[in-house]
Amino acid sequence: MRSDYTVAVIGGGASGVALAARIVESLPAGLSTANVSIALFDAHGCRGGNAYAADTPSNLMNTTGSAIDGGYGGDFGFLRWAGENSDKWRPLLGDRTPNPCGYVPRPVFGQYLADLLEDARRRAPDRGMQLDTVAEEVVDIAPPASSEQSYCIRTASGARFEARYIYLAIGHLPRAKTEDYQHREHYYHNPYPISRLIEEIPKEASVGVIGSRLTAIDVALGLAAGGHQGTVTCVSRRGRLPAVRADQGKYQFRKLEREQLRKHLRYRSARLRLADVAAMLGSEIEHAEGRPVALGDIVNAPASPVAYYEHEIRLAEGRARPWQAVLYATNRNIDLLWHHLEEEDKKLLMSEWLNDWLTYRASIPRENAERVLALMRTGRLEVRGGAREIRYDDSTRRFNLCLGGDDTVAVEFLAAATGSANRIENADSTLTRNLLARGLVRSHRFGGVDCRFETGQVTGRNHSGADSRMFALGPITSGVYFFTTALEIVHRQASRRAEDLAFMLGVDWLDLPETEEWVDARQRVSGSRPVKPEVPSEGAPDLLERVVAGDQFDLIDFEQLHLLNDQISSGELRRPDPEKAG
Ligand SMILES: Cc1cc2nc3c(=O)[nH]c(=O)nc-3n(C[C@H](O)[C@H](O)[C@H](O)COP(=O)(O)OP(=O)(O)OC[C@H]3O[C@@H](n4cnc5c(N)ncnc54)[C@H](O)[C@@H]3O)c2cc1C
């Protein structure tokens, strides 16, 4: 295996695989892609990442087959793959078949990801590229000494690699342990794989779960499916379960589709207030519902978890909940709304409304909600709010879950279902610790790493956006893009990064002495052109506009850029023919 690459993608979950596949699929064929080599590093060997790794089939996706195909995977569609690979999902699905309206177990999607990657790896040589996977944890990345040089990557085994461009797709980072109880036996800091809990926790044992969202539901349903008979108690501050998903329709915004919104917010300094966003979404919800809707119609009044789920399941049964389709449609614009929000409103949203957003946006399929309700009715599952503190009692060897006053639940086993580290300085990751220490990345005030909104270029103390050839995508960019944990969103990010890479490789190519003469000759022929478009518009064929939007116009001479852009957008960036160029 080689040790120097054009591109290194760190992380082989849904984000990293989408990026590698998009690079292979979408770079223009020809000179810019000749000798482009990609290394995809994953500590666990690109087996579905944290979300879709091999595990119990009770871990269901919350995205239907058709919604996956609408937003992820490009030409290598999930449903088509499922149709051709029944041997891969049959053991997990039995008699059922993946279909446009159904929710498959997440490990099935993990198998699809592995095949998507393999397909890209096989196709790469036809396009003049090489795609390798490296099953290693990356522990450090040293910056290049000059703009000519590459980043130096070090893995846990001590191996060293070089790459000119780095993409951080490191996903959901585990939180570092900070509490005494987290070091005790019978405590699971990471509940995945759930199959390990099923194997190790005695069937009659009492189990506590910190959290009451999607991961907590994975734990409760996984244990029950594995034959666990003891009580499971989920505790969180508010004790709220996620909303229940109705038939997943697709909503077309009247006024908030990405291009419309970009026109509305055409100036980068344009600012939105939270009330504006609420009014815009409220108006779309009323349009979708075909009636006036008050917030109280959607946000249920606090009720017991059993009453809440009875109500939610009734509402989701056999009918659409149009407001849900509107919330899912925000996959297409949520980053823009967030980016243009006033700073004080961002703070307000994070401190007061984030929990509600997650409760209603990240809902669960009805079939899983019915299982949760059945467990609650038999008393095998309890969901409690008011969680304050967790203590380990050495004399009883129990974890005490303190819910305020004298209300304490003692459990023998405890699993954390609190999600990943929001702030990177709290993450248990050698790589991010080293990148922070080197000043190559910095923590974003709202979570993850700081990067430029337009390009994902990572910014650090010693690493300014303009110089950086290090980019980020996926959940690690949550502070910049707000909601990043959806396949459609990570796929869009991957497509944008691949498109930008095509441009940057083109710029690199322009620097080669052998092309300079050819470009100069073409410039003389093409004559002068307008330099700066008035309004940058995303998605337009002209990549120049993207560069202008990203404030990168110092990168290169504009005439050359126009020429290069023409070549890229026509898909004909090829090695120049010296005779014609003359
Ligand atoms: C439990 C769960 C269920 C979800 N279900 C859905 C769903 O049904 N539908 C949906 O649209 N979205 C879902 N999501 C959202 C999900 O986050 C995204 O869809 C997507 O999986 C994010 O992928 P990722 O590759 O960025 O992150 P991850 O899945 O976290 O993968 C990151 C990968 O990077 C690797 N890595 C990290 N650090 C290093 C390092 N230093 N060196 C090498 N490798 C490293 C890790 O080993 C891991 O494999 C779910 C998320 C979770 C956590």
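As the structure is a prediction and not an experimental result, all values here were calculated from the model. Whatever order the structure lists ligands and atoms in, that order sets their numbers, starting from 1.
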Between Tyr192 and Arg196, is there a cation-pi geometry (under 6.0 Å to ring centre, at most 45° from the normal)? no

Extract all N/O-N/O pairs under 3.5 Å that connect ligand 1 to the protein, and present each with both atom names and the distance rounded to 0.1 Å.
{"from": "ligand 1", "atom 1": "8 (O)", "to": "Asn62", "atom 2": "N", "distance (Å)": "2.7"}
{"from": "ligand 1", "atom 1": "8 (O)", "to": "Asn62", "atom 2": "OD1", "distance (Å)": "2.9"}
{"from": "ligand 1", "atom 1": "9 (N)", "to": "Asn62", "atom 2": "OD1", "distance (Å)": "3.2"}
{"from": "ligand 1", "atom 1": "9 (N)", "to": "Thr63", "atom 2": "OG1", "distance (Å)": "2.8"}
{"from": "ligand 1", "atom 1": "11 (O)", "to": "Thr63", "atom 2": "OG1", "distance (Å)": "3.3"}
{"from": "ligand 1", "atom 1": "11 (O)", "to": "Leu487", "atom 2": "N", "distance (Å)": "2.8"}
{"from": "ligand 1", "atom 1": "12 (N)", "to": "Tyr52", "atom 2": "OH", "distance (Å)": "3.2"}
{"from": "ligand 1", "atom 1": "17 (O)", "to": "His172", "atom 2": "NE2", "distance (Å)": "2.6"}
{"from": "ligand 1", "atom 1": "19 (O)", "to": "Tyr52", "atom 2": "OH", "distance (Å)": "3.1"}
{"from": "ligand 1", "atom 1": "25 (O)", "to": "Ala14", "atom 2": "N", "distance (Å)": "3.1"}
{"from": "ligand 1", "atom 1": "25 (O)", "to": "Ser15", "atom 2": "N", "distance (Å)": "3.0"}
{"from": "ligand 1", "atom 1": "26 (O)", "to": "Ser15", "atom 2": "OG", "distance (Å)": "2.5"}
{"from": "ligand 1", "atom 1": "29 (O)", "to": "Asn50", "atom 2": "N", "distance (Å)": "3.0"}
{"from": "ligand 1", "atom 1": "30 (O)", "to": "Asn50", "atom 2": "ND2", "distance (Å)": "2.7"}
{"from": "ligand 1", "atom 1": "30 (O)", "to": "His172", "atom 2": "N", "distance (Å)": "2.9"}
{"from": "ligand 1", "atom 1": "41 (N)", "to": "Val138", "atom 2": "O", "distance (Å)": "2.9"}
{"from": "ligand 1", "atom 1": "42 (N)", "to": "Val138", "atom 2": "N", "distance (Å)": "2.9"}
{"from": "ligand 1", "atom 1": "44 (N)", "to": "Ala43", "atom 2": "N", "distance (Å)": "3.1"}
{"from": "ligand 1", "atom 1": "47 (O)", "to": "Asp42", "atom 2": "OD1", "distance (Å)": "3.1"}
{"from": "ligand 1", "atom 1": "47 (O)", "to": "His44", "atom 2": "ND1", "distance (Å)": "3.1"}
{"from": "ligand 1", "atom 1": "49 (O)", "to": "Asp42", "atom 2": "OD1", "distance (Å)": "3.3"}
{"from": "ligand 1", "atom 1": "49 (O)", "to": "Asp42", "atom 2": "OD2", "distance (Å)": "2.7"}

Would a line drawn from the ring center of Phe109 to the ring center of Tyr72 be shorter than 6.0 Å? yes

Taken in chain and number order and not counting sequence neighbours, the residues that satisfy salt bridge (charged side-chain N to carboxylate O under 4.0 Å, His left out) with Lys88 are Asp115

When you measure from the centre of the six-membered ring of Tyr151, is the NZ or CZ of Arg164 under 6.0 Å away and within 45° of the axis? no

Regarding Arg445 and Asp450, does a basic nitrogen lie under 4.0 Å from an acidic carboxylate oxygen? no

Taking 4.0 angstrom as the limit, do Asp69 and Arg80 come out as a salt bridge? no

